[in-house]
Amino acid sequence: SGSGTVTATPESQDVEYLAPISIGGQSIVMDFDSGSSDLWVFSTQLSATAQKGHTNFDTTKSTTFKTMTGAAFSISYGDGSGAAGTVGTDTVNIGGATVTGQAIEVATAVSSSFVSDTNSNGLVGLAFSKLNTVSPTQQKTFFDNAMATLAQPVFTADLRKGAVGSYEFGNIDSTKFNGSLSWAAVNTTTGFWQFSNSKFSVGTGATTATDGTQAIADTGTTLMLASSAIVTAYYSQVSGAANDASAGGITFPCTATLPDLNVDVGGNYMALVRGDDINYAPVDSTGTTCFGGLQATTNDPQIWGDIMFKSQFVAFNGGNNSIGMAPHQ
Ligand SMILES: N#Cc1c(N)n[nH]c1N1CCCC1
């Protein structure tokens with residue numbers, strides 16, 4: 001109901017952005033992910049080893065938790081990580097926005113990368129509910145459930161490079177971006193916040209048409225994974241840039257001047273991604289070689305992750321299935 005705001009805190013190297021939620025009165029720090037649609041949480045039903053260092057939801061300590069008999073979830077992500085377990089419902093409060101009867105996916109097994117990331121205790125999926133993995137009855141996301149009672153059917157991501165930002169539900173805070181939002185239609189058939197990308201330009205260079213690729217806005221992905229057309233054109237302007245097999249992608253000298261990248265969103269807005277935000281992090285202890293925040297993917301849609309969000313304030317409108325962007329304030 002109403003609206004809610006939570007602080008989004010970057011993990012080291014801005015790998016992901018975490019925020020606290022309350023499940024049945026238990027406060028738990030979670031990874032908010034606009035690229036998936038399951039709300040799953042570390043639990044006391046995991047092995048002691050998996051639980052170590054985490055905040056583990058204890059269904060027996062919640063007076064409002066109800067088991068969803070016969071339901072289960074199993075999710076695997078593009079990076080090979082995954083989680084599985086049972087399902088119930090409980091009251092979820094995110095910064096004041098509250099949903100009763102929210103499907104809570106209680107992990108009984110999680111992959112090693114989740115175990116070792118002790119800052120995160122689960123995910124809040126914010127893509128469309130058609131991607132939810134609960135069976136036999138698919139469940140709705142927190143945002144889907146909250147929409148009807150939110151002041152506005154929206155949530156926003158205000159993510160910053162190496163600094164805290166915020167996620168907000170039910171309200172668009174115009175003090176957080178410059179000018180006005182530009183809105184693009186979302187193609188909901190895939191279940192992602194997906195839009196068209198028809199052109200791009202590098203720095204002050206000419207605009208180049210892309211072959212009609214699409215892209216998704218995915219807060220759960222660290223980097224900006226773009227088409228090879230964009231990535232090749234971009235790094236042709238960066239002296240010393242090269243594919244670096246040992247680093248697992250394109251690197252460049254940390255002293256390189258990185259141009260801005262302008263990418264079309266929905267055909268009528270060129271979103272600027274600052275060159276500084278494309279310098280992701282050094283790959284060596286001397287800070288000589290840096291890893292590109294822009295990397296190539298053959299995946300269509302492209303996966304525009306946190307690197308893009310560091311330059312653009314993003315609003316997700318579930319009322320009319322559109323996505324709004326503007327440069328951060
Ligand atoms: N891979 C991947 C991925 C993605 N594209 N969106 N969210 C993801 N993850 C959330 C937790 C682990 C990976």
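We're numbering straight along the sequence, starting at 1. Each ligand, and each atom within it, is numbered from 1 in the order the structure gives.
Environment of NZ in K52: sparse, with no more than 12 heavy atoms of neighbouring residues, nucleotides or ligands closer than 6.0 Å.
Protein heavy atom closest to atom 4 (C) of ligand 1, with residue, atom name and distance, is D218 OD2, 3.1 Å. The nearest protein atom to atom 8 (C) of ligand 1, hydrogens excluded, is given as G220 O, 3.5 Å; this is a heavy-atom distance.
Near F114, the atoms of ligand 1 lying under 4.0 angstrom from a non-hydrogen atom of the residue are 11 (C), 12 (C). Listed by number with element, the atoms of ligand 1 under 4.0 angstrom from any heavy atom of D33 are 6 (N), 7 (N), 8 (C), 10 (C). Atom numbering of ligand 1 starts at 1 in the shown order; those under 4.0 Å from a heavy atom of G78 are 1 (N), 2 (C).
With a heavy-atom cut-off of 4.0 Å, D79 touches ligand 1 through backbone and side chain alike.
Ring pair F143/W193 is tilted by interplanar angle, where 30° to 60° counts as tilted. Relative orientation of the F316 and F309 rings is parallel, given thresholds of 30° and 60° on the angle between their planes.
Distances between N or O atoms of S81 and those of ligand 1 include no value under 3.5 Å. Residue D31 has no N or O atom closer than 3.5 Å to an N or O atom of ligand 1.
Exactly one of D218, T210, N197 qualifies for a side-chain hydrogen bond (donor to acceptor under 3.5 Å, both in side chains) with Q302. That residue is N197.
Using a 4.5 Å heavy-atom cutoff, the side chains of V263 and M224 are in contact. Side-chain contact between L294 and Y235 is present, with heavy atoms from C-beta onward closer than 4.5 Å.
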